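Because the structure is a prediction, the values reported are computed rather than measured. We name chains A, B, ... by the order of the sequence lines, and we start the count at 1 in each one.
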2 protein chains.
Amino acid sequence: MPVAKGTALDPAETRAGIVRSATTLLYQRGLAGIGVAELCTTMGISKETLYRHFGSKNGLIHAVLTARSDHVVRWLDDAVKEAGDDPDDQVTAVFDALGRWHAELSFRGCAIVNAATQQYDVEIRALAGRHLGRHRALLTRIAHDAGVRDEVTVGKQLLALLEGSTVLASLGGDTDAASVAKDAAHALIQAGR
Amino acid sequence: MPVAKGTALDPAETRAGIVRSATTLLYQRGLAGIGVAELCTTMGISKETLYRHFGSKNGLIHAVLTARSDHVVRWLDDAVKEAGDDPDDQVTAVFDALGRWHAELSFRGCAIVNAATQQYDVEIRALAGRHLGRHRALLTRIAHDAGVRDEVTVGKQLLALLEGSTVLASLGGDTDAASVAKDAAHALIQAGR
DNA sequence: CCTAGTTGGTACCGATCGGTTCGATGCAGC
DNA sequence: GCTGCATCGAACCGATCGGTACCAACTAGG
């Protein structure tokens with residue numbers, strides 16, 4: 001969303017708009033696949049504005065990934081909440097939401113995992129680790145509510161299915177990866193009770 | 001392994017040596033994380049030699065990834081063969097080998113999946129798809145031998161566990177990701193019979 | 001010993017990279 | 001209307017990028 005010349009005088013809003021636009025561009029093209037110049041012209045802002053708000057390209061990337069992690073976690077949380085109180089329904093909701101995401105034309109895998117893979121950067125890797133930890137916490141909680149004996153292990157297994165099916169959908173061409181993972185998740189919970 | 005000045009006159013051997021050295025460097029630093037100049041000086045070859053053998057940096061990358069895919073597939077096949085004829089033992093062997101790989105200091109995730117993530121390139125993505133397909137074929141065959149009803153689905157599930165646990169070990173800090181995935185694999189096979 | 005082929009080293013090319021600076025433009029509040 | 005702040009557009013910087021050209025050194029085969 002380009003910002004007109006002198007119309008937006010709220011810096012916070014400008015910053016939020018940049019994060020929103022840059023998220024898409026960096027996701028589609030990769031962190032190193034688009035330069036700062038093209039990034040700015042496409043977003044309709046000047047380089048000076050970008051560097052005043054984020055200090056560096058890495059600063060922008062960090063802001064984008066942090067916001068992205070919050071967004072994805074909220075998205076999964078909402079899907080779980082809509083599913084009600086039954087843990088089995090919650091598992092179904094998680095992997096059905098995953099499947100809808102995988103089916104999007106613009107799907108290119110998890111933006112945060114991709115970022116950590118693209119750029120060897122301690123901060124980004126730590127952010128990715130926290131991101132995976134947040135997913136694991138949700139899945140572990142669901143496993144606990146489902147009454148499995150070892151919810152920590154089952155939580156890790158569900159997370160492996162979630163991330164693995166995302167890789168398969170992104171690179172392996174498996175259009176039903178999430179559905180297959182969903183069945184596996186239910187089977188693992190059943191076996192773990 | 002640097003090649004002495006005029007000692008190796010076998011072009012095929014030179015090429016193979018370059019592929020071997022470049023595999024490590026590109027894996028550790030990322031495809032875009034090391035330039036051609038540094039690549040050549042570190043390997044002890046000249047840029048002219050590199051470009052005569054591979055035509056471009058992308059040509060080198062393609063050669064490296066192709067060889068890497070063959071190497072990894074052979075590595076897993078050997079692990080399975082050593083495990084004998086019992087499919088359950090073969091599953092154990094696959095995920096135990098995976099765990100030993102995850103524990104290596106230089107482990108940074110699957111080089112081929114990483115490459116496809118780092119560089120949006122149709123050829124590399126296709127190569128990654130074929131690579132995942134080869135793994136899936138092995139796991140589907142094991143699932144079939146294990147007597148599951150739907151070996152195609154179980155094969156996909158085992159592959160998701162394999163790739164997912166690799167992501168968790170690389171970015172999530174899960175040192176026992178492969179072990180946890182191994183238990184899940186056995187449970188899924190048992191549930192699928 | 002001589003020729004043909006392979007190599008390392010180096011200088012060089014244009015393009016692009018991330019990042020800085022400066023002047024012009026326009027909105028908000030006084 | 002004036003002032004201060006946020007912004008755009010463009011010029012500019014040094015560094016690095018992938019890729020090319022040329023040459024001296026070397027080995028293998030005749």
Item to check | Closest to the A:I45 side chain, choosing from D:dC8, C:dG18, C:dG8 | outcome: D:dC8

Next on the checklist: With a 4.0 Å cutoff (strictly under), does any side-chain N or O of A:S56 reach OP1 or OP2 of C:dG18?
Outcome noted: no

Item to check | Qualifying residue, where the test is salt bridge (Lys or Arg N to Asp or Glu O under 4.0 Å) with A:K182 and the options are A:D96, A:D88, A:D176 | outcome: A:D96

Next on the checklist: With nearest nucleotide decided by heavy atoms, which residue, A:E38 or A:G55, maps closer to the 5′ end of DNA chain C?
Outcome noted: A:E38

Item to check | Nucleotide nearest B:R52 when distance is taken to its side chain, options C:dT6, D:dA6, C:dG18 | outcome: C:dT6

Checklist entry - Does any N or O in the side chain of A:Q90 come within less than 3.5 Å of the main-chain N or O of A:I142, such that one atom is a donor and the other an acceptor? => result no

Checklist entry - Taking CE from A:M43 and C1' from D:dT7, how many angstroms apart are they, rounded to a whole number? => result 14 Å

Checklist entry - Over how many whole Å does the gap from B:L39 atom CG to D:dC17 atom C1' extend? => result 13 Å

Item to check | Interatomic distance where CG belongs to A:N58 and P belongs to C:dC17 [whole Å] | outcome: 16 Å

Next on the checklist: Output the rounded distance in Å from CZ (B:R15) to C1' (C:dG5).
Outcome noted: 18 Å

Checklist entry - Quick one: is the NZ or CZ of A:R29 closer than 6.0 Å to the six-membered ring centre of B:Y120, and within 45° of its axis? => result no

Next on the checklist: As a test of reading the structure: which of C:dG19, C:dG8, D:dG18 is closest to the side chain of A:K57, going by heavy atoms?
Outcome noted: C:dG19

Checklist entry - Quick one: CD1 on A:I61 to CD1 on A:I124, what's the gap to the nearest 0.5 Å? => result 5.5 Å

Next on the checklist: Determine whether a donor-acceptor pair (N or O, by modelled atom type, separation under 3.5 Å) exists between the side chain of A:T49 and the backbone of A:I45.
Outcome noted: no

Checklist entry - How long is the line joining CD1 of A:I18 and C1' of D:dA6, in whole Å? => result 11 Å

Item to check | Whole-Å gap separating C1' (D:dG19) and CG (B:L60) | outcome: 14 Å

Checklist entry - Quick one: is A:H53 getting a side-chain N or O under 4.0 Å of the D:dA6 phosphate, OP1 or OP2? => result no

Atom pairs under 3.5 Å: protein N/O with N/O of nucleotides 10-16 of chain C:
none

Checklist outcome for this item: In this structure, CG of A:L26 is separated from CG of A:L31 (nearest 0.5 Å) by 6.0 Å

Item to check | Closest listed nucleotide, where the reference is the side chain of A:Y51 and the choices are D:dA6, D:dG18, C:dG19 | outcome: C:dG19

Next on the checklist: Is the ring pair A:W75/A:W101 parallel, tilted or perpendicular, if the boundaries are 30 and 60 degrees?
Outcome noted: perpendicular

